[in-house]
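In this chain, residues are counted from 1 in sequence order.
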Amino acid sequence: MSFPPWTYFVGSAVFHYLGPSFAVLLFSRVAPLGVAGIRIWSAALVFVLWRRPWRVLHRGTWRTVVLWGAVLAAMNSAFYMAIARLPLATVAAIEFLPVIGIAALGMRTRRNIAALAAAVAGVYVLTDVRLEGEPLGFLFAFANAGLFALYVVIAHHAAQSDAGGIDGLALAMVAATVFVLAIGGVQAVPVLTDGVALAAGLGVGVSSSVIPYVCDQLAMARLSRATYALMVALLPATATVVGLVVLRQVPTTAELAGVGLVIAGVALHRGER
């Protein structure tokens with residue numbers, strides 16, 4: 001059965017916000033870089049057991065896979081270093097900035113430009129950005145934003161070539177384990193005998209790195225880069241809906257307006273190639 005491309009993105013967005021619930025357990029036991037390492041290692045273990053990806057590696061794909069893995073390792077590390085110092089809403093808003101550029105570069109019709117404007121306005125309302133926090137946090141937040149934009153470019157290219165798909169992603173995640181070893185390996189060592197931390201790490205890996213990235217590949221294979229970038233605006237909207245359904249967190253009138261603007265923007269958009 002083939003599902004519409006946007007359904008894969010919504011699946012990615014929903015699970016994107018389940019990961020932090022597991023990460024709460026980890027932050028009390030391990031430093032942020034250690035969390036990034038455990039997340040990637042656990043995701044790689046799942047991919048290896050599930051896909052046995054080394055069977056599909058060939059000369060034409062390894063460069064993309066290695067670069068993809070390096071970006072995943074650096075992006076996840078920068079993200080956790082940022083949210084350890086800044087409100088999540090601020091990090092999320094900064095993360096969206098370069099993706100706006102990717103979406104704007106692919107917009108060639110007035111209809112799609114209007115769709116982008118509506119989505120950006122909705123994200124602004126939903127994230128409620130406050131420029132406060134540690135300066136170092138902003139450095140990591142902007143680094144994460146740039147790396148996220150690079151991830152969109154590389155993962156989209158991979159999804160539409162022989163280097164992509166779930167097996168390509170699995171190989172990239174294995175490559176990421178090597179890069180993250182040098183970044184967060186030392187910080188993760190103290191919890192390797194902590195069963196609760198390891199279980200939480202597995203939950204973070206599956207909900208934040210396996211399911212969302214698999215959904216990304218399925219969506220990217222069917223969508224233009226600009227269309228996918230625009231759909232990133234659904235992330236904060238999805239978080240609001242998840243908070244209402246799961247946590248009974250009733251959104252404010254402004255938040256409802258923000259969700260409406262994002263949904264209107266995505267609905268208005270028409271795919272371009």
query: With respect to Asp167, which candidate in Gln217, Arg51, Arg52 satisfies the side-chain contact (heavy atoms from CB on, under 4.5 Å) definition?
result: Arg51
task: Consider only side-chain heavy atoms of I, L, V, M, F, W and Y, link residues closer than 4.5 Å, and tell whether Val206 and Leu45 are in one cluster.
output: no
- request: Answer yes if Ile40 and Val178 sit in the same cluster of Ile, Leu, Val, Met, Phe, Trp and Tyr residues linked by side chain heavy atoms under 4.5 Å apart, and no otherwise.
  value: no
query: Can Val180 and Trp41 be said to form a side chain to side chain contact (heavy atoms under 4.5 Å, CB included), step by step?
result: CA-CA 9 Å; Val180 84; Trp41 295 327; 3.3 Å; yes
Evaluate the side-chain proximity of [Y] to [X]: yes if any heavy-atom separation is below 4.5 Å, no if none is.
{"X": "Tyr228", "Y": "Asp216", "result": "yes"}
{"X": "Ile83", "Y": "Phe140", "result": "no"}
{"X": "Val91", "Y": "Phe79", "result": "yes"}
{"X": "Phe138", "Y": "Arg85", "result": "no"}
{"X": "Val174", "Y": "Phe47", "result": "no"}

From [X] atom [atom1] to [Y] atom [atom2], the distance as rounded to the nearest 0.5 Å:
{"X": "Trp68", "Y": "Met75", "atom1": "CH2", "atom2": "CE", "result": "11.0 Å"}
{"X": "Arg63", "Y": "Leu67", "atom1": "CZ", "atom2": "CG", "result": "11.5 Å"}
{"X": "Asn76", "Y": "Ser208", "atom1": "CG", "atom2": "OG", "result": "8.5 Å"}
{"X": "Leu139", "Y": "Asn144", "atom1": "CG", "atom2": "CG", "result": "11.5 Å"}
{"X": "Ile38", "Y": "Asp194", "atom1": "CD1", "atom2": "CG", "result": "8.5 Å"}
{"X": "Leu147", "Y": "Ile154", "atom1": "CG", "atom2": "CD1", "result": "9.0 Å"}

message: I want to know whether Tyr213 and Tyr151 have ring centres closer than 6.0 Å.
response: yes
Backbone N or O of [Y] within a donor-acceptor pair of the [X] side chain at under 3.5 Å?
{"X": "His156", "Y": "Ala229", "value": "no"}
{"X": "Ser161", "Y": "His157", "value": "yes"}
{"X": "Ser207", "Y": "Phe15", "value": "no"}
{"X": "Glu95", "Y": "Phe142", "value": "no"}

Closest contact, heavy atoms only, [X] versus [Y]:
{"X": "Ala219", "Y": "Phe9", "result": "CB-N, 4.3 Å"}
{"X": "Ala43", "Y": "Gly205", "result": "CB-O, 3.8 Å"}
{"X": "Ala159", "Y": "Met220", "result": "CB-CB, 3.6 Å"}
{"X": "Phe179", "Y": "Gly69", "result": "CD1-C, 4.0 Å"}
{"X": "Met81", "Y": "Pro32", "result": "SD-CB, 3.9 Å"}
{"X": "Thr227", "Y": "Ser224", "result": "OG1-OG, 2.8 Å"}

message: Determine whether Leu169 and Val214 satisfy the following criterion, side chain to side chain contact (heavy atoms under 4.5 Å, CB included), listing intermediate values before the conclusion.
response: CA-CA 7 Å; Leu169 170 62; Val214 167; 3.9 Å; yes
- prompt: Going through the checks in order, is the side chain to side chain contact (heavy atoms under 4.5 Å, CB included) test met by Leu202 and Val46?
  reply: CA-CA 9 Å; Leu202 180 61; Val46 172; 4.1 Å; yes
field: Chi angles and distances behind the side chain to side chain contact (heavy atoms under 4.5 Å, CB included) call for Val71, Phe148
entry: CA-CA 8 Å; Val71 169; Phe148 181 63; over 6 Å; no
